[in-house]
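A short write-up of the structure that comes next.
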Amino acid sequence: MDSTGDDPVPSGGACINFLDLPDCMIEHVLEYLTYDEIAKKRIVCRKIDRICQSLLNRGFIKMIRKHNMNLKAIKSQLPRRESERRNHPLSKHSDILTCIETRISMLSMTYSKFIEKELCCFIPGKVIDEVLNILGLIENTSRPLRAHEVLQELRDISSMAIEHFDENIAHRLKKIIGVQHHPKLGSHHSLPFPAASFIQHEVMLPCDVNGEKFIIPTLTPISSQQTQKLGVPSAASSSSSPSSASSAALGGLYCQSSYSASCENNSSIARINHKTRKMRYDINRIDHTISSFKAEMRSMRLMLVRCGAEIKELRRRLEESETKNLELLANINQLGFGAPSVGAEPSDATSTAAIKQCSIKPRACTSMLKRLYTDTESQSASPTVVVPPGSETSETDRETSQEQESTGGSCAAKRHGNVKNYNEPLDYIPTKNLLHVGHTNSSTVFKIGILGRYDGIIRFGASLYPYKSNVIEIVIGGHGNTRSLGRRQYRAVANVHSNHMLAEAFTPDLLSSDRPTMFRVELFKEGPIQVSIDGQDHPFLSFKDSTNIPFNYLAFTKWKTDVLVFYDCPLETSNSYNSVTNYHGPVQYFPTDSFLNVGRTRFSKLYKIAIVGPSDGHIRFGKSVFPYNSDVIEIVLGGWGNTKSAGRRQHRTASNQHTNHVLAEAQTPNLMSPFRPVMFVLEVFDDGRVEVCLHGQTMPFLSFTDSNRTPVNYMAFTKWEYNLIFFYDCPLSLIGVEMKSLTGVVIVVLVKVLDITAFHRNPFDVIRGCKQYDWVSSYDEALTYFPVANLLHVGLKEKSQIFKIAILGPNDGLIRFGESLYPYDKDVIEIVLGGWANSKSAGRRQHRTASNKNTNHQLVEAQTPNLMSQYRPVMFVLEVFHNGTVQVSIDGQDHPFLSFYDSNRTRPHYMAFTKWDKEVVFFYDCPLDNVNTLYESLLLNCTVA
């Protein structure tokens, strides 16, 4: 029977399965799908999975390249100045591309390592679709975009993809990587499911264990002769159904098992089992070794604990032994055995006799312990037994002196740890043995560091045992770390003393238990003594000793709490400013002459200070480091809930009680910010005038005169209730600072402008080169005025100033200008364009109080129906004359549609924009050239320093 009549397929062709197509054709078909659909098609079969993985990887690379191209194109159009970038129309595009770059980096860190090892592909295809959609939106849109709305979907799906991969997939792939890189395992493949290699009629499938291979029997094609031998009729290959026809196209296949393949597999399995048992034995042996090592480590740890306890006990015994020796020596000196007479140095014979009579020598065990535990050694400069010159010293004495030279004679400071109590016999140190002593023509300088809560006491005198003689005592941080003293002390042989006060100063929080405070003690030959903090020029304690006690010997003591003293310190300076204290707390002043960046003119000094915080940044400066019972100048920035700023003179007593005298006050709403530093320029004139302005602006928002002319020798910062961060000694730049000695040079440039009227068909071309002001506040909110002096495109005529401003919106574009940055309790000019539902325009004078209440005085009103548009920006030309006339016209028109006269002649030093009820976008600082008109030449005014 002929079956060709029943076959639906034409005789000239054959039915081809989709999977029989070449890979390139299948890829071409799948490229018409989205990457999300491509990712979902991977479950069809292994061939489709392999092709879809390749397409997803290529899509991921395509996404990265396209993002880099867009980011490079956008950045090339942005200005280089950071301040100008924020107002550029493409700033939002740049922010979106930067956020996409961050997301791509997170995805690359998650997937790239496994993609490079061919363990997986870029799985989330929906992420690729979303990124490509956003990039297409950026390419085709010139208006500002809202980054949060555009990036919301991308953030969600990328975060879910990363979390799903890390929780469910990554740990499996890491196990596969560990198997592939095991030193005893084969590394002949790099895929989790190795590709099969065909050898004749058998498949060699690589195994993941020890490089063994299984041989799996496969389907072997059977020729037509073999078909005839098996007795199958030839007509059967072309009859019955389309499935039989497709089978005829591929050829008949019969499953044929291989006995040799089975034998080979059995032998491979046996070898794998043998190697597995061997590996298990090795692992057990390694575990046993590790357990033994852990037991040894535990025993060593216990031994270290016991040794530490023994060291502490030896250290305690050593200190007790030294204390007893010193007490015994002090008792002998007090009883008169070899003690020097009053006012005279001891003779050699007497001292030698005293030493021989007492027969006190350092014990050998003490010297040994000192050599063993050098970290616990007290750096006291006086030895246990003092031997005058000419006497014989023992070998132990020489070892002790050599040891002290080795530990205390270095460039670092010496440590005097064993500080005795106030009424105990002290060990005086000869100052001639110190290495770091500063000498001038009239004074000697010592550098001493003290670590402790309070009461660091320094004594110096003329002899090693200054009994029945006067010494100078300096108390630093005494009386609970509130005051410092200078006094003369007389101490009898019975250790009874009397103090004569020479000077006292209020020094709160001078010492610290967390860090050493470094002091400079300067002793003058005529008797004056000055104590200052290291790095400061003005002393906080100064007094004069009329007896002129020589400073041959030095000692340290304490009152109740332990202190640690560092002496013989290298003479170098350092400045430190730690934290901002509260308003009523003791404020730490620091010298301004240590600043590196101070601007100086003929009559003033300039300081740049930045503040980060919500409100109440306080700056104080005065004449001394502890300006108590004297006046200082206090500047309050963003006070009273970030609404006002003030300058005042403050008098603070020694008990920290203060009175304020207000010198000036200004309304400065929203001056400070908790999210970014606000830079201020503080200028102090020689005649007492003080001015504060924002960095980049020439007009100060706070100005007052100090009749006392308080000098800026020391400066401090404080706060009211919120935490603040101050940045001081900031580098000065000429940008935004009016330098008195600069002269302007006018450069005239003639530019030939071509007639390109035919090329400007886009209505948005009128705002080319303008700055965008899109965050427009409501009518009754506090506006942010910007200085007109910073604008680049301002037309200057003999009698007027010209500004070009474009507005995009349905109605009510409002322009305000005035003479100050915060024009509260003052008049400003307000121009309403397209008001009253885009039917009228008006000009009026507005007075706004500090509580933001306003009153308007109408100056002019004009009918301007359909003046504004929400589909295209409308360019206006604002001309302000010096005589008070204000004119507003549409760009390209000669006659103004709004003109009025301001009797107050308000000058446009500062400008702001606002709205009524609909969203509007302002474009300001627009170039003053009309691109729709042919100009023969264009005059550009440039000022060059």
Side-chain angles (χ1 to χ4, degrees), residues 378-382 404-405 407-419 426-452 454-461 471-478 481 484-486 503 505 507 509-525 527-543 545 549-558 563-578 588-591 593-594 625-626 714:
S378 299
Q379 298 281 350
S380 61
S382 61
Q404 290 177 351
E405 290 178 359
T407 56
S410 61
C411 295
K414 297 178 181 178
R415 172 179 159 185
H416 192 87
N418 189 18
V419 180
L426 303 186
D427 301 325
Y428 280 79
I429 304 167
T431 57
K432 64 180 180 180
N433 293 344
L434 302 182
L435 300 177
H436 306 97
V437 179
H439 297 281
T440 64
N441 294 331
S442 59
S443 65
T444 303
V445 180
F446 301 91
K447 191 172 176 183
I448 300 170
I450 301 176
L451 175 65
Y454 46 81
D455 289 296
I457 304 174
I458 305 171
R459 294 181 193 164
F460 59 87
V471 296
I472 292 297
E473 183 177 77
I474 301 172
V475 182
I476 297 177
N481 202 10
S484 297
L485 312 172
T507 56
D509 296 331
L510 183 60
L511 292 178
S512 174
S513 59
D514 302 322
R515 56 176 179 82
T517 306
M518 197 64 67
F519 301 95
R520 293 171 63 93
V521 181
E522 188 169 7
L523 310 170
F524 292 84
K525 297 178 181 178
I529 299 172
Q530 294 181 356
V531 184
S532 62
I533 298 176
D534 186 37
Q536 298 183 3
D537 295 334
H538 298 275
F540 63 86
L541 181 65
S542 179
F543 59 93
D545 173 31
I549 299 175
F551 32 88
N552 298 332
Y553 293 88
L554 188 67
F556 307 103
T557 182
K558 62 185 178 182
V563 295
L564 192 62
V565 180
F566 302 90
Y567 67 100
D568 198 11
C569 304
L571 294 172
E572 57 186 11
T573 60
S574 63
N575 294 324
S576 174
Y577 184 76
N578 295 324
Q588 179 181 0
Y589 284 77
F590 47 89
D593 54 9
S594 63
V625 66
F626 294 104
Y714 292 87

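Sequence positions, counted from 1, serve as the residue numbers for this chain.
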To the nearest 0.5 angstrom, please state how far the CZ atom of F446 sits from the SG atom of C569.
12.0 Å
CZ/F460 to CZ/F556 distance, rounded to the nearest 0.5 angstrom?
11.5 Å
Hey, mind stepping through F543 and I474 against side chain to side chain contact (heavy atoms under 4.5 Å, CB included) and telling me if it holds?
CA-CA 10 Å; F543 59 93; I474 301 172; 4.2 Å; yes
For S484 versus G477, what's the shortest heavy-atom pair and its separation?
OG-N, 3.3 Å
Step-by-step side chain to side chain contact (heavy atoms under 4.5 Å, CB included) determination, D534 to K447
CA-CA 8 Å; D534 186 37; K447 191 172 176 183; 3.2 Å; yes
Is a donor on one side and an acceptor on the other found under 3.5 Å between the side chain of T431 and the backbone of N552?
yes
Closest heavy-atom contact between V563 and Y454?
CG1-O, 3.7 Å
To the nearest 0.5 angstrom, please state how far the CG atom of N433 sits from the CG atom of L554.
12.0 Å
Under 3.5 Å: donor-acceptor pair, side chain of D455, backbone of K558:
no
Closest heavy-atom pair, V475 versus G478, reported as atoms and distance to 0.1 Å, is CG1-CA, 3.9 Å
Show your reasoning for whether side chain to side chain contact (heavy atoms under 4.5 Å, CB included) applies to F566 and M518.
CA-CA 9 Å; F566 302 90; M518 197 64 67; 5.6 Å; no
Of V437, L523, I529, the residue whose pairing with F551 passes side chain to side chain contact (heavy atoms under 4.5 Å, CB included):
L523
Tell me whether N481 contacts the main-chain N or O of L510 through its side chain, where contact means a donor paired with an acceptor under 3.5 Å.
yes
What's the separation between atom OG in S542 and atom CD in E522, rounded to the nearest 0.5 Å?
9.5 Å
Treating Y714 as the side-chain partner and H538 as the backbone partner, does any N or O pair qualify as donor plus acceptor under 3.5 Å?
yes
Smallest heavy-atom separation, P591 atom then Q536 atom, equals CD-CG, 3.5 Å
Nearest 0.5 Å, what's the CD1-OG1 distance between I448 and T517?
13.0 Å
Shortest non-hydrogen contact from S443 to F524?
CB-CD2, 3.5 Å
Worked verdict on F519 versus L541 for side chain to side chain contact (heavy atoms under 4.5 Å, CB included)
CA-CA 11 Å; F519 301 95; L541 181 65; over 6 Å; no
Nearest 0.5 Å, please: how far is CG in L485 from OG1 in T507?
8.0 Å
